[in-house]
Amino acid sequence: MSIDGLEGDAAGVDIYWIPLGAGARVVKASGKVFEKASAMVHRRRPRDLYHSALAVTVPEGRFVIEMTPITDRQGKRRGVVAEGPVGTKWAGRFRLFRYEIRRWRDGVIPDASEAASTVSVRVDRACAQRLLDLVPLVPTPVWGRDELDAGEMWNSNSVTSWLLTRGEVDIAHLEPPNGGRAPGWDSGVVVALGGLEQAKGTLALR
């Protein structure tokens with residue numbers, strides 16, 4: 001079988017680095033406000049912020065993995081395997097304040113065309129399948145908060161880094177392009193490694 005140029009047990013993982021707020025002016029504006037405040041607190045210059053998503057290819061097909069707002073009640077057709085609240089648990093009772101995690105076969109990443117960078121990682125079929133199997137197990141705490149005491153907020157970058165870490169993919173050199181930042185990335189790694197103490201020495205939390 002050959003899919004997307006892959007044969008036999010070959011597989012691959014693509015990490016998309018998408019500018020925060022691509023296609024959404026409100027998110028882009030709020031992100032800039034957040035980054036300016038963070039830069040002021042940490043006495044550094046503001047940097048570009050990025051959202052991440054994954055595409056995992058196995059001989060059976062290509063699967064898009066992404067955390068996004070819930071757009072409608074037809075999540076099954078988008079391969080939704082988990083949901084969680086946005087902002088507060090209380091608000092999460094309403095669809096407007098919930099997110100979904102997709103494992104979407106032959107799916108699309110809406111803002112993929114605006115990605116500043118796409119990093120391709122060659123992995124074996126077992127690793128790729130492990131990533132796919134892990135998606136329904138991703139923690140689903142409140143988006144934008146640090147309910148898991150990981151040192152920073154939980155968001156889409158946390159989902160990406162949690163999956164890659166638990167899937168045993170080397171993430172040492174996976175950084176946002178152009179010196180940008182991916183808030184939430186470190187929290188996913190911390191939680192995947194089993195806590196902040198175990199993760200010390202692996203991360204420099206921001």
Side-chain angles (χ1 to χ4, degrees), residues 6 10-18 20 50-70 75 78-86 98-112 115 117-177 181-196 198-199 202-203 205:
L6 299 178
V13 177
D14 294 323
I15 298 95
Y16 290 81
W17 290 113
I18 303 168
L20 184 66
Y50 290 89
H51 151 73
S52 59
L54 295 173
V56 177
T57 303
V58 292
E60 291 76 17
R62 181 177 183 271
F63 294 79
V64 164
I65 301 171
E66 188 178 22
M67 173 200 271
T68 73
I70 295 178
R78 296 187 297 276
V80 173
V81 295
E83 295 182 8
V86 174
R98 293 187 66 78
Y99 64 80
E100 63 185 33
I101 297 176
R102 302 171 179 172
R103 184 182 58 189
W104 188 3
R105 181 170 182 169
D106 299 325
V108 298
I109 298 173
D111 300 318
S117 173
T118 303
V119 181
S120 297
V121 180
R122 190 78 170 185
V123 298
D124 60 29
R125 183 175 181 178
C127 178
Q129 188 60 54
R130 185 163 58 245
L131 285 172
L132 295 176
D133 292 342
L134 283 166
V135 181
L137 305 178
V138 173
T140 54
V142 175
W143 181 95
R145 293 186 177 275
D146 184 18
E147 283 193 318
L148 303 180
D149 295 323
E152 62 173 354
M153 75 174 79
W154 188 269
N155 59 22
S156 61
N157 293 320
S158 312
V159 171
T160 298
S161 62
W162 187 92
L163 283 168
L164 294 175
T165 301
R166 289 292 299 270
E168 301 178 15
V169 176
D170 184 4
I171 64 171
H173 303 293
L174 294 179
E175 299 180 351
R181 285 205 319 123
W185 182 272
D186 288 353
S187 64
V189 178
V190 168
V191 174
L193 291 177
L196 187 57
Q198 186 175 346
T202 302
L203 300 171
L205 290 178

Backbone of Val142 reached by a side-chain donor or acceptor of Glu147 within 3.5 Å: yes
Heavy-atom closest pair (Tyr99 atom, Pro85 atom, distance to 0.1 Å) is CE2-O, 3.2 Å
Closest heavy-atom pair, Ser161 versus Gly184, reported as atoms and distance to 0.1 Å, is OG-O, 4.4 Å
Is it the case that the side chain of Glu152 and the backbone of Asp186 share a donor-acceptor pair, with hydrogens and angles ignored and the cut-off at 3.5 Å? yes
Heavy-atom pair of closest approach, residues Ser156 and Met67: N-SD, 3.4 Å
Go through the steps to decide whether Phe63 and Val58 satisfy the test side chain to side chain contact (heavy atoms under 4.5 Å, CB included), and finish with yes or no. CA-CA 8 Å; Phe63 294 79; Val58 292; 4.1 Å; yes
What heavy-atom pair brings Arg166 and Ala192 nearest, and what distance separates the two atoms? CD-O, 3.4 Å
Would the distance check show the side chain of Asp14 and the main-chain N or O of Thr118 forming a donor-acceptor pair, the cut-off being under 3.5 Å? no
Of all heavy-atom pairs between Gly167 and Leu131, which one has the smallest distance, and what is that distance? CA-CD2, 4.0 Å
After noting the C-alpha distance and the side-chain angles of Ser117 and Tyr50, does the key distance pass the side chain to side chain contact (heavy atoms under 4.5 Å, CB included) rule? CA-CA 10 Å; Ser117 173; Tyr50 290 89; over 6 Å; no
Side chain to side chain contact (heavy atoms under 4.5 Å, CB included) for Trp154 and Trp162? Distances and angles first, verdict last. CA-CA 10 Å; Trp154 188 269; Trp162 187 92; 4.1 Å; yes
Donor-acceptor contact present, side-chain Ser187 to main-chain Met153, <3.5 Å: yes
Nearest non-hydrogen partners of Asp170 and Leu174, listed with the distance: O-CD1, 4.0 Å
Side chains of Val108 and Val64 in contact at under 4.5 Å (non-hydrogen atoms): no
For Gly151, does its backbone N or O pair with a side-chain atom of Asp146 as donor and acceptor, under 3.5 Å? yes
Arg102: partners by salt bridge (Lys or Arg N to Asp or Glu O under 4.0 Å), with sequence neighbours left out: Glu100
Rounded to the nearest 0.5 Å, what separation is found between the CD1 atom of Ile15 and the CG atom of Leu163? 11.0 Å
Show your working on side chain to side chain contact (heavy atoms under 4.5 Å, CB included) between Trp185 and Leu164 and close with a plain yes or no. CA-CA 11 Å; Trp185 182 272; Leu164 294 175; 4.0 Å; yes
